[in-house]
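All chains are named by letter (A, B, ...) in the order of the sequence lines, taking the proteins before the strands, and each is independently numbered beginning at 1.
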Amino acid sequence: MSVISVNKTAPANTVVVLDFETTGLSPNQGDRAIEIGAVKLENGVVVDRFQGLMNPGFRVSSFIENYTGISNRMLVDAASCNVVMGEFADFIQGCNLVAHNASFDKRFLDGELELIQRSYDGDFACSLLVSRRLTQEASSHKLGDLVAYHQIENEGIFHRALADAEVTASLWLVQLEALERDHGIINPSFDLMMKIGKTPKGSVVNFLKKHVQ
DNA sequence: TGCCAGGCCCTCTTTAGGGCCTT
């Protein structure tokens, strides 16, 4: 296991940007997490990271090996999902959460934590939903395409949990900056970002005008 | 045997269908 960090108590304004690599698309169909990566942001600054491979208890498909670069050999000696997710549950306590297409990561987070009878107390926001509203001119809202669109610095690694969490965190900060620069909303709150993600695309401009300070 | 994710969003919609996005 290569868990980088398990941090202390987080301030209330701390956000954890996370990404799962998994054996497939649906925990309801028996899929499990095989890697979790996360970046902890405090006032827009990375203050901590978490990364861990985890053994799902069965062999992953060749598609997943090729897609993620995570091989069955790499997972043989990894800690179990229960151990890694227990430490990750400690890592996210007191934090709000962000992911790209959060409904996917939330399903796996909820599923894995339920198996070890753990929970979390933050809300979950989605950088994909925010992107569809703030960057409507973008032809694609895939994470890799948005990294290119916004010219976000990256190391050319995709479909690994920590690398994807890092660029998602950068995307999140780009979106916060865009609200300040383009819409005059100073220091946008996490709650506002969640509301933007739920606002109908056609009315998001009027919604933002109401929040100009 | 046949099926096989699920939420969001758009449109030729709402008693539906299909594309996008995540692995």
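- Considering only side-chain atoms of A:H141, the nucleotide from B:dT23, B:dC21, B:dG7 that sits closest is B:dC21.
- Note on A:I34: nothing from the nucleic acid sits closer than 4.0 angstrom, heavy atoms only.
- At whole-Å resolution of the value, CE in A:M54 and P in B:dT23 are 14 Å apart.
- Backbone-only contact: A:D164 has heavy atoms under 4.0 Å from sugar-phosphate atoms and none from a base.
- Using a 4.0 Å heavy-atom criterion, one finds that A:L25 contacts the bases of the nucleic acid, with or without backbone contacts as well.
- In terms of phosphate contacts, A:H159 brings a side-chain nitrogen or oxygen within less than 4.0 Å of OP1 or OP2 of B:dT23.
- More than 12 heavy atoms of other shown residues, nucleotides or ligands fall within 6.0 angstrom of atom CZ in A:R181.
- If you find the closest nucleotide of DNA chain B to A:Q29 and to A:Y67, the one lying nearer the 5' end belongs to A:Q29.
- Looking at the side chain of A:R132, the nearest of the listed nucleotides B:dT22, B:dT23, B:dC8 is B:dC8.
- Rounded to whole Å, the distance from CG on A:L128 to C1' on B:dG6 is 13 Å.
- Going from atom CG of A:L109 over to atom P of B:dG7 covers 16 Å, rounded to whole Å.
- With salt bridges taken as basic N to acidic carboxylate O contacts below 4.0 Å, none links A:R160 and A:D19.
- Considering only side-chain N and O atoms, A:N28 lies under 4.0 angstrom from the phosphate OP1 or OP2 of B:dG6.
- One atom, CZ of A:R107, and another, C1' of B:dT22, lie 8 Å apart when rounded to the nearest Å.
- Contact between the side-chain N/O atoms of A:S140 and the OP1/OP2 oxygens of B:dC21 is found at a separation under 4.0 Å.
- For A:F104, the listed nucleotide lying nearest its side chain is B:dT23; candidates were B:dC4, B:dT23, B:dC21.
- Looking at heavy-atom distances under 4.0 Å, A:D19 makes contact with sugar-phosphate atoms alone, never a base.
- For A:Q136, the CD atom counts as densely surrounded, since its 6.0 Å shell holds more than 12 non-hydrogen atoms of other residues, nucleotides or ligands.
- Whole-Å rounding puts the A:K142 NZ to B:dC8 C1' distance at 16 Å.
- Ring geometry, A:F88 versus A:F20: the interplanar angle exceeds 60°, so the pair is classed perpendicular (tilted spans 30 to 60°).
- The CD atom of A:E35 sits 16 Å away from the P atom of B:dT22 (whole-angstrom rounding).
- Within the 4.0 angstrom heavy-atom criterion, only backbone atoms of the sugar-phosphate kind lie near A:F20; the bases stay farther away.
- The nearest whole Å value for the distance from the CZ atom in A:F108 to the P atom in B:dA5 is 12 Å.
- Between A:F63 and A:Y67, the ring planes lie parallel to each other; the angle is under 30°, not in the 30° to 60° tilted range.
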